[in-house]
Amino acid sequence: MASEDHIERTFVMIKPDGVQRRLVGKIVARLEQKGLELRALKLKNLDIETARKHYTEHKDKPFYDHLVYYITSGPIIVMAVEGFNAVRAVRQLVGATNPIEAVPGSLRGDFCLDTVRNLVHAADSPEAASRELSLHFGAEDYVSEVRIGEHND
Ligand code: CMP
């Protein structure tokens with residue numbers, strides 16, 4: 001095991017195209033099949049202010065306004081996903097930003113064609129994961145472990 005290997009939590013979003021195309025179940029199944037666990041999940045509409053904050057690192061890019069417009073155009077799913085090296089594991093599952101370059105077998109490689117409508121967003125570093133999780137979730141949104149028959153109260 002390399003020294004950087006550890007359990008971590010990352011942020012994943014199913015974009016409006018994924019929800020509209022009813023691919024939520026397939027995408028969540030891929031994450032679970034990999035061995036990752038859901039810690040929080042919400043179906044919601046993203047407000048413009050939160051969308052701008054979420055994509056703040058792209059604010060000077062020519063596609064920023066269109067990206068914010070698109071990501072607020074329909075319901076999305078936001079998730080906190082946990083597991084061994086989760087940030088890198090999820091990025092591999094999701095595939096390259098441009099779906100034409102995403103390898104077959106990855107979500108973008110198998111299910112989309114367009115760089116804006118590229119199905120899923122996943123945090124690209126532990127620092128980004130931490131920032132994005134705190135933007136989309138509060139402490140009350142998390143479950144610590146998924147166990148049947150155990151109550152948190
Ligand atoms: P995502 O992983 O959500 O992170 C930033 C998003 O910006 C990216 O996916 C794409 O949807 C979008 N994006 C990145 N590069 C471009 C580009 N050249 N043109 C349009 N959109 C882009």
Side-chain angles (χ1 to χ4, degrees), residues 1-137 141-142 146:
M1 189 191 295
S3 59
E4 68 273 17
D5 289 344
H6 57 282
I7 301 287
E8 56 190 9
R9 194 175 276 186
T10 192
F11 176 77
V12 188
M13 176 197 295
I14 304 178
K15 298 185 180 189
D17 54 316
V19 176
Q20 187 181 18
R21 293 172 60 203
R22 295 170 166 76
L23 291 172
V24 172
K26 281 200 169 81
I27 294 166
V28 173
R30 287 280 184 99
L31 297 168
E32 292 187 325
Q33 281 166 4
K34 183 73 176 171
L36 297 155
E37 286 190 44
L38 289 170
R39 289 284 177 258
L41 185 150
K42 285 188 216 173
L43 172 68
K44 61 185 277 192
N45 287 292
L46 203 56
D47 61 88
I48 289 178
E49 192 188 341
T50 307
R52 286 183 173 278
K53 282 186 191 156
H54 177 87
Y55 280 128
T56 189
E57 68 175 300
H58 298 294
K59 67 179 189 310
D60 297 324
K61 305 264 175 64
F63 56 81
Y64 179 67
D65 286 343
H66 184 54
L67 185 58
V68 170
Y69 174 81
Y70 164 64
I71 212 71
T72 56
S73 67
I76 59 164
I77 296 271
V78 288
M79 291 177 269
V81 171
E82 195 171 278
F84 190 64
N85 295 328
V87 172
R88 281 188 291 145
V90 173
R91 292 283 293 184
Q92 286 283 356
L93 277 182
V94 168
T97 302
N98 182 343
I100 302 305
E101 287 157 17
V103 293
S106 66
L107 289 165
R108 288 171 176 162
D110 284 356
F111 292 112
C112 60
L113 287 167
D114 185 294
T115 301
V116 174
R117 296 176 182 223
N118 61 357
L119 202 64
V120 184
H121 164 86
D124 63 3
S125 66
E127 296 72 29
S130 169
R131 188 184 73 79
E132 293 170 13
L133 287 168
S134 62
L135 185 63
H136 294 278
F137 294 111
D141 295 321
Y142 291 100
V146 179

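Here the structure is a predicted model, which means the values were calculated and not measured.
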Can I get a per-line list of side-chain donor-acceptor pairs under 3.5 Å for residues 27-34, giving both atom names and the distance, sequence neighbours left out?
unit_1	atom_1	unit_2	atom_2	d
R30	NH1	G105	O	2.9
R30	NH2	D110	OD2	3.1

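- Contacts of Y64 classified as ring-ring contact (aromatic ring centres under 6.0 Å, His included), with partners at least two apart in sequence or in another chain: none.
- The heavy-atom pair separating A96 from A102 by the smallest distance is N-CB, 3.6 Å.
- Note that OG of S125 and CD of E8 are 9.5 Å apart. Values are rounded to the nearest 0.5 Å.
- The local environment of NZ in K26 is sparse, with at most 12 non-hydrogen atoms from other residues, nucleotides or ligands closer than 6.0 Å.
- By the 4.5 Å heavy-atom criterion applied to side chains, T72 and D47 are not counted as neighbours.
- A donor-acceptor pair under 3.5 Å links the side-chain atoms of S134 to the main chain of S130, judged by distance alone.
- A89 and F84 make their closest contact through CB-O, 4.2 Å (heavy atoms, listed as atom of the first residue, atom of the second, distance).
- Atom NE2 of H66 is surrounded by 12 or fewer heavy atoms from other residues, nucleotides or ligands within 6.0 Å.
- Contact of the K61 side chain with the L67 side chain is not registered, since no non-hydrogen atoms from C-beta on lie closer than 4.5 Å.
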Inset, instruction - Take L107 and L23 through the test side chain to side chain contact (heavy atoms under 4.5 Å, CB included) and record every step on the way to the result. - result: CA-CA 10 Å; L107 289 165; L23 291 172; over 6 Å; no
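- The salt bridge (charged side-chain N to carboxylate O under 4.0 Å, His left out) test applied to E132 returns no partner, not counting sequence neighbours.
- The environment of I48 atom CD1 is sparse: at most 12 non-hydrogen atoms of other residues, nucleotides or ligands sit within 6.0 angstrom.
- The minimum heavy-atom distance linking A123 with T10 is given by the pair CB-OG1, 3.7 Å.
- The backbone N or O of L119 sits nowhere less than 3.5 Å from a side-chain atom of R108 that would complete a donor-acceptor pair.
- Electrostatic pairing of R131 and E127 does not count as a salt bridge here, judged by no charged N lying under 4.0 Å from a carboxylate O.
- By the 30° and 60° cut-offs, the orientation of the rings of Y55 relative to H121 is perpendicular.
- Among residues two or more places apart in sequence or in another chain, the side chain to side chain contact (heavy atoms under 4.5 Å, CB included) test is passed with D65 by R52.
- The shortest distance between side-chain heavy atoms of D141 and H136 does not fall below 4.5 Å.
- Although no hydrogens or angles enter the test, the distance criterion places no donor-acceptor pair under 3.5 Å between the side chain of N85 and the main chain of I7.
- At most 12 non-hydrogen atoms from other residues, nucleotides or ligands lie less than 6.0 angstrom from NZ of K59.
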Would you tabulate the side-chain donor-acceptor contacts of residues 73-80 under 3.5 Å, counting partners in other chains and residues two or more places apart, or write 'none'?
unit_1	atom_1	unit_2	atom_2	d
S73	OG	Y70	O	2.6

Which donor-acceptor pairs under 3.5 Å do the side chains of residues 111-118 make with protein atoms, sequence neighbours left out?
unit_1	atom_1	unit_2	atom_2	d
D114	OD1	V116	N	2.8
D114	OD1	R117	N	3.0
N118	OD1	K15	NZ	2.6
N118	ND2	T97	O	3.2
N118	ND2	T115	O	3.1

Inset, instruction - Begin with the C-alpha distance, continue with both residues' side-chain angles, and end with the deciding distance and a verdict on side chain to side chain contact (heavy atoms under 4.5 Å, CB included) for V19 and L43. - result: CA-CA 9 Å; V19 176; L43 172 68; 4.3 Å; yes
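- Within a 6.0 Å sphere centred on CZ of F63, heavy atoms belonging to other residues, nucleotides or ligands number more than 12.
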